[in-house]
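First listed ligand is number 1; within each ligand, the first listed atom is number 1. All values below come from the heavy atoms of this structure, side chains included, with hydrogens, waters and symmetry mates left out.
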Amino acid sequence: MQTHKYSVDENGYYGNYGGAFVPELLYPNIEELRQHYLEILHDPEFQEKYHMLLKDYVGRPSPLYHAQNLSAYYGKTIYLKREDLNHTGAHKINNTIGQILLAEKLGKSRIIAETGAGQHGVATATVCALNKLECVIYMGETDMKRQQSNVEQMKLLGAKVVPATSGNKTLKDATNEAIRDWINHPESHYIIGSVVGPHPYPDLVTRLQSVIGKELKQQFTEKTGRQAPDHIVACVGGGSNAAGIFYPFYDMPEVRLHAVEASGKGINSGMTASTLKKGKPGILHGSMTMVMQDEYGQITEPYSISAGLDYPGIGPAYPHLFETKRVIFSDATDKEALEAARVCMLEEGIFPALESAHALAALKKIETRKDDLIVVNLSGRGHKDLETYKTYLSNE
Ligand SMILES: *Cc1c(COP(=O)(O)O)cnc(C)c1O
């Protein structure tokens with residue numbers, strides 16, 4: 001597998017960010033994973049099973065679609081990488097399929113995960129049903145009330161959903177509970193849902209999601225005769241769909257990589273999830289990264305209309321990619337994302353996830369030249385966001 005200066009170094013760092021800041025009691029679990037993950041990922045038997053499941057279970061390769069109506073609307077040439085067509089409706093399954101096979105190779109009998117909006121919880125419960133492993137999902141009590149249909153789906157898939165009742169009763173609290181569980185149950189594997197957490201998780205999840213970018217490279221050449229697009233655009237919560245589609249292009253400086261954060265009600269409104277612009281360096285979930293925090297270093301609640309983007313941190317690779325100027329950061333407000341979702345629905349008959357709509361909204365903002373070819377990662381489908389769309393977009 002390729003490495004480059006944007007990959008993690010041997011100590012688990014991306015420049016000044018990353019690392020593994022974990023309680024001593026968790027160290028053996030993390031160390032076991034760190035020692036074995038690359039060897040397992042490179043194992044031919046693992047690779048064969050992983051690619052068979054991606055093809056026959058997830059439905060990959062996801063199509064690369066030349067969106068001619070959107071292109072006419074925005075006056076740019078636009079392709080969509082259709083992760084919305086995957087089983088369970090988003091890119092998250094690429095990671096959970098890989099991690100369940102990894103857990104099997106490590107001889108683990110039980111799976112733990114945290115979930116915010118429930119999308120990662122559903123993708124985890126799905127692969128646990130497939131591989132017949134016990135599944136415990138931690139979810140903030142507040143989030144459980146907000147995302148009832150995902151909670152019901154996880155339960156029907158056989159998972160146990162445990163409410164986190166401390167703090168604000170959201171994702172951060174669910175993560176703390178999951179870590180506590182892992183310390184007490186080292187026979188478990190903890191499936192993290194994005195390119196966050198202590199080393200080696202950011203690298204592990206990036207590699208599992210890089211199937212998106214590898215497919216894109218091949219599909220793009222088949223469709224256009226060119227080696228690579230001029231721009232790739234993806235939304236960033238923790239950063240896994242972006243990391244996956246960017247990965248094979250880091251060494252091609254002519255390809256401009258755009259990460260789009262959710263700025264909520266506006267970047268300076270105090271109600272935002274633009275972690276890179278509004279956060280400060282700090283430690284969250286076991287790694288050094290940019291974190292939304294108050295003057296005392298307490299984590300503050302981010303805000304976005306999109307449940308998948310309101311994470312108070314960001315994968316530790318991103319501050320490094322920002323400082324080295326390899327990735328260009330932009331943002332989209334709730335309002336801009338809703339408008340972009342409406343355009344995508346009406347122009348293309350495609351119902352995007354609210355998260356993905358933030359990437360679409362950036363089409364109005366990023367600088368492009370006349371004949372540039374642009375790929376947007378459509379990370380997921382929008383059926384989970386129906387209530388929000390109904391509230392804000394219904395024609396009276
Ligand atoms: C979870 C989610 C995201 C945000 O997570 P990343 O790790 O930043 O990719 C984006 N889009 C969809 C559809 C999601 O479900």
Check the pair Tyr79, Gln219 against side chain to side chain donor-acceptor pair (under 3.5 Å), reporting the backbone distance first and the verdict last.
-> CA-CA 11 Å; Tyr79 291 80; Gln219 291 167 323; over 6 Å; no

Table of N or O contacts for ligand 1, cutoff 3.5 Å:
unit_1: ligand 1; atom_1: 7 (O); unit_2: Ser194; atom_2: OG; d: 2.6
unit_1: ligand 1; atom_1: 7 (O); unit_2: Gly239; atom_2: N; d: 3.3
unit_1: ligand 1; atom_1: 7 (O); unit_2: Ser240; atom_2: N; d: 2.8
unit_1: ligand 1; atom_1: 7 (O); unit_2: Ser240; atom_2: OG; d: 2.7
unit_1: ligand 1; atom_1: 8 (O); unit_2: Gly237; atom_2: N; d: 2.8
unit_1: ligand 1; atom_1: 8 (O); unit_2: Gly238; atom_2: N; d: 3.2
unit_1: ligand 1; atom_1: 8 (O); unit_2: Gly239; atom_2: N; d: 2.8
unit_1: ligand 1; atom_1: 9 (O); unit_2: His91; atom_2: NE2; d: 3.0
unit_1: ligand 1; atom_1: 9 (O); unit_2: Ser240; atom_2: N; d: 3.4
unit_1: ligand 1; atom_1: 9 (O); unit_2: Ser240; atom_2: OG; d: 3.3
unit_1: ligand 1; atom_1: 9 (O); unit_2: Asn241; atom_2: N; d: 2.9
unit_1: ligand 1; atom_1: 9 (O); unit_2: Asn241; atom_2: ND2; d: 2.8
unit_1: ligand 1; atom_1: 11 (N); unit_2: Ser379; atom_2: OG; d: 2.7
unit_1: ligand 1; atom_1: 15 (O); unit_2: Lys92; atom_2: NZ; d: 2.7

Is any side-chain heavy atom of Val291 less than 4.5 Å from a side-chain heavy atom of Ile283?
->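 No, their side chains stay 4.5 Å or more apart.
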
Ile93 versus Val127: any side-chain heavy-atom pair under 4.5 Å?
->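 Ile93 reaches Val127 side chain to side chain.
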
Heavy-atom closest contact (Arg226 atom, Asp230 atom, distance) =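 Scanning both residues, the minimum pair turns out to be NH2-OD2, 2.8 Å.
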
Minimum-distance pair of heavy atoms, taken over all atoms of Tyr318 and Ala243 |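 Result for this residue pair: OH-N, 3.1 Å.
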
Shared-cluster residues of Val260, by chain and number - hydrophobic side chains joined below 4.5 Å =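 Members alongside Val260: Tyr65, Leu70, Tyr73, Tyr74, Ile78, Leu80, Val233, Val343, Ile350, Leu360, Leu363, Ile366, Ile374, Val376, Leu378.
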
